[in-house]
Amino acid sequence: MLDIKILKENIEEITLNLKNKNYDFNNSEFLKLDSERKKFILQSEDLKNKKNVLSKEIGIIKSKGGSATAQKKEVEDINQQLLKFDALLLEAEKKFSNFMLDIPNVLDVKVPIGNSEEDNKVLTYSNNENLSENNSTDTIDHSEVGKILKLFDQETASKMSGARFNILYGEFAELHRAIGSFMIDTHIKEHGYKEVNVPLIVNNESLIGTGQLPKFKSDLFELKNKENFFLIPTSEVPLTNIFRNKILEENDLPIKFTSLSTCFRSEAGSYGKDTKGLIRQHQFDKVELVKFAIPSKSCEELENLVNDAERILDLLELPYRKVLLCSGDTGFSSSITYDLEVWLPSQNRYREISSCSNFKDFQSRRLNIKYKDKSSKKKTFVHTLNGSGLAVGRTLAAIIENYQDNNGNIEIPKVLRSYMRDVEIIKKS
RNA sequence: GGAGAGGUGGCUGAGUGGUCGAAAGCGGCACCCUGCUAAGGUGUUAUACGGGUAACUGUAUCGAGGGUUCGAAUCCCUCUCUCUCCGCCA
């Protein structure tokens, strides 16, 4: 959520900024809803004040043994009026807050202007080479290899569950588990994150806080037999909500959490896209990195966070590129986002494997997460950041494709071997 | 799932119908005092949203929502969470 005062003071500038995010900010509607709300607040508060004064008077009269019937009558009249005004106020507040919750975060000045994916700015290629220019691809698609090796079974998964699920057997299941363990170990041992095990089901307050609701409900799985239960689309949601309604100490910041969790996404609106393999599943595992930082340090913290995610790709020796998302491609809650895209030779293209964002105070305002600023002594909203470090299923796919030899055998990346019985290669049996 | 006990400010904890946004203590902050890191004294110390250049002032908030009442932290109802006991269970 945006700061209402800041929004009012910079309304032209913010309107332009949001336009770059393809959001049409209706500022006359905003001003109308705001003034309407204020009008009712004023009227309602005025009546309440009168009521409070009279009630106090009645108390004093009663304590002296009087009866105060005239005052009682007057308060009753006020109550009648209040009934009307409070209904109007409630309506106006609701409209206003729905309007506010719908507004995306303002973009950072560093974000390049653009409409879609094509306008994203590629910053670096690992090993300084753009592999999509080579155009020599005899790599077999990871799901095909999986089928040949009999370690990957989409048909059976679809029988028991439906589309966008998979079953991994044997070495693939092991490798999948090894990847997750390796990633989270690296973050806790080498990058200073604290591991957290989180609930996979959260309530809608949590999802409003991080920005998935109310706007993106269709992307979520909601449980049917219990009100207000949603499967998490990412552990960003529980991790960030840990400090909902909390005041943190400046000395404790930055706080760095990481979690390996299963994530659930409905993938509504992506029918027919990536139907084969591990790229787009209803259920997938992901290692998430979440940070709480003081505002003046959050930009720096984002750079570090991206480095932490990149480090995993470096250690796995997977080719990738780093991309700064353009304005139109930057997510609803984010102010600035870097994507890491791993090389998938079978598709001859780079695919997103991590997305790292600075949300600044957008989430913390919704969630009411503050810290006590040492110099000003004021309670100030913290900045929240997060990124994938990395998506486990997509990493598995990338390994299967990038570590494949001409016979369709798959070498295990060196750093993972100790996590899976020192197996060096997966061969057809 | 059954039975009971609870949810009060940063924390502990009083408060059962009127001047209670809420005692007291702890913690925090400011100042004073004291010749050594201790102790003491005084004051101050919630959040959000309005109005006002400002001093200041209004409204709301005692788990959430409803109700009773002129008036609710306090009484009633529903929900929720925590704790204890029983049952079931990985």
Side-chain angles (χ1 to χ4, degrees), chain A residues 1-9 30-101 197-209 223 225-230 238 241-253 255 262 292 361-382:
Chain A
M1 192 144 73
L2 303 182
D3 185 288
I4 293 167
K5 278 182 199 144
I6 292 174
L7 178 54
K8 257 190 238 170
E9 282 162 18
F30 167 71
L31 294 170
K32 195 191 97 195
L33 289 174
D34 186 51
S35 72
E36 210 158 85
R37 175 181 73 114
K38 269 193 195 145
K39 188 179 77 192
F40 291 130
I41 288 175
L42 220 66
Q43 286 168 327
S44 168
E45 287 193 353
D46 188 49
L47 284 170
K48 279 177 188 154
N49 177 237
K50 282 189 185 133
K51 171 180 164 173
N52 288 344
V53 170
L54 281 166
S55 292
K56 232 169 224 185
E57 268 177 40
I58 295 169
I60 293 165
I61 293 168
K62 282 253 179 176
S63 70
K64 288 176 182 159
S67 65
T69 33
Q71 285 87 341
K72 279 193 192 177
K73 176 81 179 63
E74 211 173 321
V75 177
E76 271 170 54
D77 287 347
I78 290 173
N79 279 338
Q80 283 305 310
Q81 292 182 58
L82 264 177
L83 229 53
K84 198 170 62 198
F85 279 115
D86 278 346
L88 289 169
L89 175 61
L90 194 74
E91 178 78 21
E93 293 271 30
K94 210 170 161 187
K95 270 192 200 160
F96 184 72
S97 95
N98 284 342
F99 183 85
M100 290 305 293
L101 286 173
N197 188 278
V198 294
L200 303 183
I201 296 173
V202 294
N203 56 33
N204 69 332
E205 288 81 0
S206 299
L207 288 154
I208 287 171
L223 301 194
N225 61 337
K226 182 123 161 51
E227 281 287 296
N228 200 8
F229 264 15
F230 295 85
N241 270 276
I242 286 174
F243 293 127
R244 167 143 57 103
N245 293 325
K246 290 282 179 203
I247 296 160
L248 307 172
E249 291 297 328
E250 182 172 343
N251 286 340
D252 295 337
L253 299 174
I255 294 171
T262 304
F292 303 84
D361 59 2
F362 186 82
Q363 293 181 325
S364 63
R365 183 170 283 110
R366 286 171 167 238
L367 289 163
N368 189 27
I369 306 174
K370 295 182 176 175
Y371 77 101
K372 223 192 281 168
D373 185 82
K374 273 196 290 194
S375 57
S376 73
K377 292 186 175 125
K378 283 223 168 110
K379 284 160 196 161
T380 313
F381 289 114
V382 300

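All of these numbers come straight from a predicted model, not from anything done at the bench. Lettering of chains follows the sequences in order, A, B, ..., and the numbering in each one begins at 1.
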Peer 1: When you compare C62(B) with G17(B), how far apart are their C1' atoms, in angstrom units rounded to a whole number?
Peer 2: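 Looking at atom C1' only, C62(B) and G17(B) are 15 Å apart.
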Peer 1: Determine, for nucleotides 54-60 of chain B in 5'-to-3' order, which nucleotides have protein heavy atoms under 4.0 Å from the base (write B), from only the sugar-phosphate (write S), or from neither (write -).
Peer 2: ----BBS
Peer 1: Restricting to nitrogen or oxygen on both sides, can you table the protein-nucleotides 77-82 of chain B pairs closer than 3.5 Å?
Peer 2:
none

Peer 1: Each nucleotide N or O in nucleotides 61-70 of chain B that has a protein N or O under 3.5 Å away: list the pair and distance.
Peer 2:
from: C70(B); atom 1: O2'; to: Ser55(A); atom 2: OG; distance (Å): 3.4

Peer 1: Does the plane of the ring in Phe243(A) sit parallel, tilted or perpendicular to the ring in Phe292(A)? Use 30° and 60° as the thresholds.
Peer 2: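 Taking Phe292(A) first and then Phe243(A), their aromatic rings stand perpendicular (interplane angle over 60°).
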Peer 1: C11(B) and A46(B): how far apart are their P atoms, nearest whole angstrom?
Peer 2: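 Looking at atom P only, C11(B) and A46(B) are 14 Å apart.
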Peer 1: Apply ring pair (Phe, Tyr, Trp, His ring centres under 6.0 Å) to Phe381(A) and list each qualifying residue two or more places apart in sequence or on a separate chain.
Peer 2: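 Result, ring pair (Phe, Tyr, Trp, His ring centres under 6.0 Å) vs Phe381(A): none returned.
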Peer 1: In whole Å, what separates the P atom of U19(B) from that of U74(B)?
Peer 2: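 About 13 Å, rounded to a whole number of Å.
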Peer 1: Compare the minimum distances between each of U19(B), G51(B), U47(B) and the side chain of Lys370(A), then state the nucleotide with the smallest one.
Peer 2: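 From the listed options, U47(B) comes nearest.
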Peer 1: Starting at atom CD of Glu249(A), determine the distance to atom P of G10(B), rounded to an integer number of angstrom.
Peer 2: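 It works out to 13 Å between those atoms.
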Peer 1: Output the rounded distance in Å from NZ (Lys372(A)) to P (A46(B)).
Peer 2: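 So the NZ-P distance, Lys372(A) to A46(B), works out to 12 Å.
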Peer 1: List RNA chain B stems (3 or more consecutive Watson-Crick/G-U pairs, under 3.5 Å)?
Peer 2: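 RNA chain B forms these stems: B:1-7 with B:80-86, B:10-12 with B:24-26, B:27-32 with B:40-45, B:46-51 with B:56-61, B:63-67 with B:75-79.
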Peer 1: Could you state the CD-C1' distance from Gln43(A) to C49(B), rounded to the nearest angstrom?
Peer 2: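 About 16 Å, once rounded to whole Å.
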Peer 1: Run the ring pair (Phe, Tyr, Trp, His ring centres under 6.0 Å) test against Tyr371(A) and tell me which residues pass, sequence neighbours left out.
Peer 2: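 Result, ring pair (Phe, Tyr, Trp, His ring centres under 6.0 Å) vs Tyr371(A): none returned.
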